[in-house]
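Here is the structure we will look at, set down as structure tokens.
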Amino acid sequence: MIRRPPRSTPLYSSAASDVYKRQAEYVWHKDPEDRECEIIEGDGWQFQYDGALPWALTPGMIFEILGKDHYHRLIKGKNNLKISYLKMI
């Protein structure tokens, strides 16, 4: 029997695929461009660059995400995170 890897975008939604989608949101990644980010709301969320300690995201905070050449991730907080992004030129 040939075993195939799971599809990245399933054709249907199930509890297992929903868990996979949620986990994929918080993996280490690089963004295609640098961005400025403003935290609108969210409690307990953290941001972390590779090789650095995570730091807390608080409403009203504005910071730059150096995503183009730097791996980073979000660490889930207690509720939903609402962010405003601006593309940096």
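All values reported here derive from a predicted model rather than from experimental measurement. Residues take their numbers from the sequence shown, with the count starting at 1.
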Taking everything shown except Phe63 itself, do over 12 heavy atoms lie less than 6.0 Å from its CZ?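 Yes - once you tally the heavy atoms of other residues, nucleotides and ligands closer than 6.0 Å, there are more than 12.
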Heavy-atom count check: over 12 atoms from other residues, nucleotides or ligands less than 6.0 Å from Lys30 NZ?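 Atom NZ in Lys30 is packed in, count exceeds 12.
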Point-to-point distance, once rounded to the nearest 0.5 Å, from CG of Asp34 to NZ of Lys68: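 If we round to the nearest 0.5 Å, Asp34:CG and Lys68:NZ are 7.0 Å apart.
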What's the shortest heavy-atom distance between [X] and [Y], and which atoms?
X	Y	value
His70	Leu66	CB-O, 2.9 Å
Tyr49	Glu64	OH-O, 3.3 Å
Pro59	Ile40	CB-O, 3.6 Å
Pro54	Gln48	CD-NE2, 3.7 Å

Show, in sequence, the C-alpha distance, side-chain angles and deciding distance for Ile62 and Glu36, and conclude whether the side chain to side chain contact (heavy atoms under 4.5 Å, CB included) test is met. CA-CA 7 Å; Ile62 298 174; Glu36 185 176 84; 3.8 Å; yes
Report yes or no: does Asp50 contribute a side-chain atom to a donor-acceptor pair with the main-chain N or O of Tyr71 at less than 3.5 Å?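 Flag not set: sc Asp50 to bb Tyr71 has no pair under 3.5 Å.
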Can any side-chain N or O of Trp45 pair as donor or acceptor with the backbone N or O of Asn79 at less than 3.5 Å?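 Present.
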Take Leu74 and Leu81, measure what side chain to side chain contact (heavy atoms under 4.5 Å, CB included) needs, and give me the verdict at the end. CA-CA 10 Å; Leu74 285 171; Leu81 180 65; 4.1 Å; yes
Tell me whether Ile75 is reachable from Leu57 by hopping between hydrophobic residues (I, L, V, M, F, W, Y) whose side-chain heavy atoms are closer than 4.5 Å.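 No, Leu57 and Ile75 fall in different hydrophobic clusters.
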For His72 and Phe47, I'd like to know if the aromatic rings sit close, meaning centre-to-centre distance below 6.0 Å.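 Yes: the rings meet the under 6.0 Å criterion.
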